[in-house]
Peer 1: 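This is the structure, below, for whatever I ask next.
So that the names make sense, note that chain A is the first sequence line, chain B the second, and so on, each numbered from 1. Owing to the predicted nature of the structure, the values given are computational and were not obtained by experimental measurement.
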Number of protein chains: 2
Amino acid sequence: MPQQIDLLDSEILNDITNTFKALGDNTRAQIVYLLTQEELNVNTICQTVGVSQSTVSHHLAKLRNIRLVKYRRQGNQIFYSVDDSHVAALFREALWHLDHVRQNIPDYPGSHPV
Amino acid sequence: MPQQIDLLDSEILNDITNTFKALGDNTRAQIVYLLTQEELNVNTICQTVGVSQSTVSHHLAKLRNIRLVKYRRQGNQIFYSVDDSHVAALFREALWHLDHVRQNIPDYPGSHPV
DNA sequence: TAAATATATTGATATATGTTCATATATAGA
DNA sequence: TCTATATATGAACATATATCAATATATTTA
């Protein structure tokens with residue numbers, strides 16, 4: 001008997017893909033990875049990642065909008081951090097997956113499927 | 001004292017973002033989500049997700065290249081499935097994160113940070 | 001071997017996205 | 001209130017990407 005297959009609801013699907021999309025860019029991923037370790041202000045992020053203030057600010061805006069990061073003002077500066085522990089968990093799972101992939105190279109045929 | 005901050009190595013960073021990028025598209029995410037539940041052939045994927053065979057094949061090619069899915073031929077058809085359990089775990093973490101975000105709406109200021 | 005079916009690939013195109021430059025906003029200090 | 005500093009925003013542009021149409025490849029069956 002054919003088992004029941006579950007499709008993602010379109011609203012949830014959008015939320016999911018927006019989250020993954022946000023992490024699917026080198027600069028943003030590096031920023032988020034930093035913020036999983038420590039709360040940082042914008043200027044420190046710029047210097048650590050090595051990109052311009054404008055670029056970092058644009059990326060932080062995206063990350064804010066989908067609630068991947070939160071922020072607080074302290075005087076002149078604004079400190080960012082990841083919104084919850086699941087963000088760090090996402091990185092862990094992705095790294096584990098990549099480890100798995102690296103260990104399984106012999107299992108994967110190099111040629112094309114057809 | 002300033003604690004040591006860890007940057008992602010550029011090769012790992014690329015692998016990570018390619019993985020997230022692959023999941024950061026509605027069609028691909030839906031496909032992968034289906035495949036976390038059951039092994040499916042291409043035609044079934046087309047019908048279930050509701051997109052053309054060409055489009056599905058393109059997406060499957062991407063997912064294959066970064067080893068998010070594996071496949072096997074059975075006669076005329078090719079059956080796809082997720083490469084390892086961490087792929088499903090990525091979805092779980094993302095969904096948990098979204099749950100957290102939804103529950104914390106009051107904690108997030110609606111206005112802009114500056 | 002020919003026809004049918006299943007899947008992959010190529011080329012073209014419209015849309016999305018990352019970055020830069022310039023400018024605006026907000027806070028602190030003189 | 002003026003200046004300096006920190007961060008955000010808007011416009012423009014170049015590049016990346018998703019989708020479609022057409023075609024190619026592989027397998028099965030007649």
Peer 1: What's the CZ-P distance between A:Phe20 and D:dA18, to the nearest Å?
Peer 2: 15 Å
Peer 1: Could a donor-acceptor pair under 3.5 angstrom be found where the side chain of A:Gln53 meets the base of D:dA6?
Peer 2: no
Peer 1: Aromatic rings A:Phe20 and B:Phe20: how do their planes relate, parallel, tilted or perpendicular, breaks at 30° and 60°?
Peer 2: parallel
Peer 1: Between atom CG in A:Leu63 and atom C1' in C:dG18, what is the gap in whole Å?
Peer 2: 13 Å
Peer 1: Would you mind telling me which of D:dA18, C:dT17, D:dT9 lies closest to the side-chain atoms of A:Ala61?
Peer 2: D:dT9
Peer 1: Please determine if a side-chain N or O atom of B:Arg64 lies less than 4.0 Å away from the OP1 or OP2 oxygen of C:dT9.
Peer 2: yes
Peer 1: D:dA16 phosphate, OP1 or OP2: any side-chain N/O from B:Lys21 under 4.0 angstrom?
Peer 2: no
Peer 1: When all nucleic acid strands are considered with a 4.0 Å heavy-atom cut-off, which category describes A:Asn43: base, sugar-phosphate, or nothing?
Peer 2: sugar-phosphate
Peer 1: Rounded at 0.5 Å granularity, tell me how far NE2 in A:His97 sits from CG in B:Asp84.
Peer 2: 5.5 Å
Peer 1: Given atom CG of B:Leu40 and atom C1' of C:dA6, what is their separation to the nearest angstrom?
Peer 2: 15 Å
Peer 1: Could you check how far CD of B:Gln77 sits from C1' of C:dT5, rounded to whole Å?
Peer 2: 9 Å
Peer 1: Are B:Asp15 and A:Arg102 ion-paired here, with the side-chain N under 4.0 Å from a carboxylate O?
Peer 2: yes
Peer 1: Take the protein atom CD1 of B:Ile45 and the nucleotide atom C1' of D:dT19, then report the distance between them rounded to whole Å.
Peer 2: 17 Å
Peer 1: Taking the side chain of A:Asp25 as its heavy atoms from C-beta onward, which of C:dG18, C:dT7, C:dT20 lies nearest to it?
Peer 2: C:dG18
Peer 1: Return the value, rounded to whole Å, for the distance between atom CG of B:Asn41 and atom C1' of C:dA8.
Peer 2: 15 Å
Peer 1: Please report the shortest heavy-atom distance between A:Leu23 and A:Ala29, naming the atom on each side.
Peer 2: O-CB, 3.6 Å
Peer 1: If only side-chain N and O atoms of A:Ser54 are considered, is one of them under 4.0 Å from the OP1 or OP2 phosphate oxygen of C:dA22?
Peer 2: no
Peer 1: Please check the phosphate of C:dT7 (OP1 and OP2 only) for any side-chain N or O of B:Ser57 closer than 4.0 Å.
Peer 2: no
Peer 1: Report yes if at least one side-chain N or O of B:Tyr80 is closer than 4.0 Å to OP1 or OP2 of C:dA6; otherwise report no.
Peer 2: no
Peer 1: Output the rounded distance in Å from CZ (B:Phe79) to P (C:dA6).
Peer 2: 11 Å
Peer 1: Does the side chain of B:Thr55 get closer than 4.0 angstrom to OP1 or OP2 of D:dC20 through an N or O atom?
Peer 2: yes
Peer 1: Does the side-chain ring of A:His58 lie flat on the base of D:dT9, meaning centres under 5.5 Å and planes less than 30 degrees apart?
Peer 2: yes
Peer 1: For A:Arg72, is there an ion pair with A:Glu39 - N to carboxylate O distance below 4.0 angstrom?
Peer 2: yes
Peer 1: Would you say B:Arg73 places a side-chain N or O within less than 4.0 Å of OP1 or OP2 belonging to D:dT27?
Peer 2: yes
Peer 1: Using a cut-off of less than 4.0 Å, is there contact between a side-chain N or O of B:Lys62 and OP1 or OP2 of D:dT17?
Peer 2: no
Peer 1: Considering heavy-atom distances to DNA chain D, does A:Leu60 or B:Ser52 have its closest nucleotide positioned more toward the 5' end?
Peer 2: A:Leu60
Peer 1: Which sits closer to the 5' end of DNA chain C, A:Gln74 or A:Val51, going by the nucleotide each is nearest to?
Peer 2: A:Val51
Peer 1: Give a yes/no on whether any side-chain N or O of B:His59 is located under 4.0 angstrom from OP1 or OP2 of D:dT19.
Peer 2: yes
Peer 1: So, A:Ser52 and A:Thr55: side-chain donor and acceptor under 3.5 Å apart, yes or no?
Peer 2: yes
Peer 1: Take the protein atom CG of B:Asn18 and the nucleotide atom C1' of D:dA16, then report the distance between them rounded to whole Å.
Peer 2: 12 Å
